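This one's a predicted model, so the numbers in the text were calculated from it and none came from an experiment.
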Amino acid sequence: QVQLVESGGGLVQHGGSLRLSCAASGRAFSISGMGWFRRPAGKAREFVAAVSPNGRTTFYADSVRGRFTVSRDNAKNTVYLQMNSLQPEDTAVYYCAVKVSGLSYTDNNKYNYWGQGTQVTVSS
């Protein structure tokens, strides 16, 4: 069993930055892909970013590429999402997730464990 706890969300002004963290329990962290997804109010959950088990390969949604950076520290069982140049349309509940198997990093159906989410609100 894997448990994930996100932190770092909050209220920020347009153009500001936030850093989300996701602390994971369980021995499988270092061999698992990790992803960040978000759910804007009234909309479906969408892929944001993901990182391979060794941290060398990253994936981004077009809407965040160049503004967000995903990284991980396997020694701390933690994955991060640095969000810069935040825009009102980035407002959502952000979730981290563990992908145990499968090739796709962008398909939320390939992720096995999810955190409870953290709210990010960007004011205009």
Open item on the list: Is it the case that the ring center of Phe37 lies less than 6.0 angstrom away from the ring center of Trp114?
Closed with: yes

Task: Evaluation steps, side-chain contact (heavy atoms from CB on, under 4.5 Å), between Ser21 and Lys76 - done: CA-CA 11 Å; Ser21 298; Lys76 297 181 178 179; over 6 Å; no

- [ ] Using modelled atom types only, decide if a donor and an acceptor are shared between the side chain of Arg72 and the backbone of Ser52 within a distance under 3.5 Å.
- [x] yes

TODO: Taking all heavy atoms of Met34 and all of Cys22, pick out the closest pair and write down the distance.
DONE: CE-SG, 4.4 Å

TODO: Examine Phe68 and Tyr80 and state if one hydrophobic cluster contains both, with Ile, Leu, Val, Met, Phe, Trp and Tyr joined whenever side-chain heavy atoms are less than 4.5 Å apart.
DONE: no

Open item on the list: With a 4.5 Å cut-off on side-chain heavy atoms, are Val98 and Asn112 touching?
Closed with: no

- [ ] Specify the closest pair of heavy atoms between Ser63 and Arg38, including all atoms of both residues, with the distance to one decimal.
- [x] OG-NH2, 3.5 Å

- [ ] Using the rule that two of Ile, Leu, Val, Met, Phe, Trp, Tyr join whenever any of their side-chain heavy atoms come within less than 4.5 Å, decide whether Tyr105 and Tyr113 are in one cluster.
- [x] no

Open item on the list: Please give me the minimum heavy-atom distance between Ser124 and Pro88, naming the atom from each residue.
Closed with: CB-CG, 3.8 Å

TODO: Flag yes if Val48 and Val120 sit in one hydrophobic cluster, no otherwise; membership is Ile, Leu, Val, Met, Phe, Trp, Tyr, and two members link when side-chain heavy atoms are under 4.5 Å apart.
DONE: yes

TODO: Could you tell me the separation between the CG atom of Asn77 and the CD atom of Gln3, rounded to the nearest 0.5 Å?
DONE: 12.5 Å

Open item on the list: Distance check, rounded to the nearest 0.5 Å: Gln116 atom CD versus Glu6 atom CD?
Closed with: 4.5 Å

Open item on the list: Given 3.5 Å as the limit, does a donor-acceptor pair link the side chain of Asn74 with the main chain of Asn54, or not?
Closed with: no

- [ ] Provide the closest heavy-atom pair for Ser17 versus Asn84 in the form atom of the first, atom of the second, distance.
- [x] OG-OD1, 2.9 Å

- [ ] Working to the nearest 0.5 Å, report the span between OG1 of Thr91 and CD of Gln119.
- [x] 7.0 Å

TODO: Find out if a path of hydrophobic residues (ILVMFWY) with successive side-chain heavy-atom gaps under 4.5 Å connects Leu20 to Phe59.
DONE: no

Open item on the list: I need the Leu18 CG to Gln82 CD distance, nearest 0.5 Å.
Closed with: 8.5 Å

- [ ] Could you tell me whether the side chain of Tyr60 and the main chain of Val70 form a donor-acceptor pair under 3.5 Å?
- [x] yes

Task: Between CG on residue Leu103 and OG1 on residue Thr106, distance to nearest 0.5 Å - done: 11.0 Å

TODO: Search all heavy atoms of Val12 against all heavy atoms of Gly16 and return the closest pair with its distance.
DONE: CG2-CA, 3.8 Å

- [ ] Is it possible for you to say whether Phe47 and Met83 belong to one hydrophobic cluster, with membership spreading through side-chain heavy-atom contacts below 4.5 Å?
- [x] no

- [ ] Check the pair Leu4, Tyr95 against side-chain contact (heavy atoms from CB on, under 4.5 Å), reporting the backbone distance first and the verdict last.
- [x] CA-CA 9 Å; Leu4 304 171; Tyr95 302 88; over 6 Å; no

Open item on the list: With a 6.0 Å cut-off (strictly less than), is the heavy-atom count around CD of Glu89, excluding the residue itself, greater than 12?
Closed with: yes

Open item on the list: Show the nearest heavy-atom pair for residues Ala23 and Thr78, with the distance to one decimal.
Closed with: CA-OG1, 4.1 Å

Task: Expected output: side-chain Thr118 to main-chain Tyr94 donor-acceptor under 3.5 Å - done: no

- [ ] Determine whether Gln87 and His14 make a side-chain contact, defined as any pair of heavy atoms from C-beta on separated by less than 4.5 Å.
- [x] yes

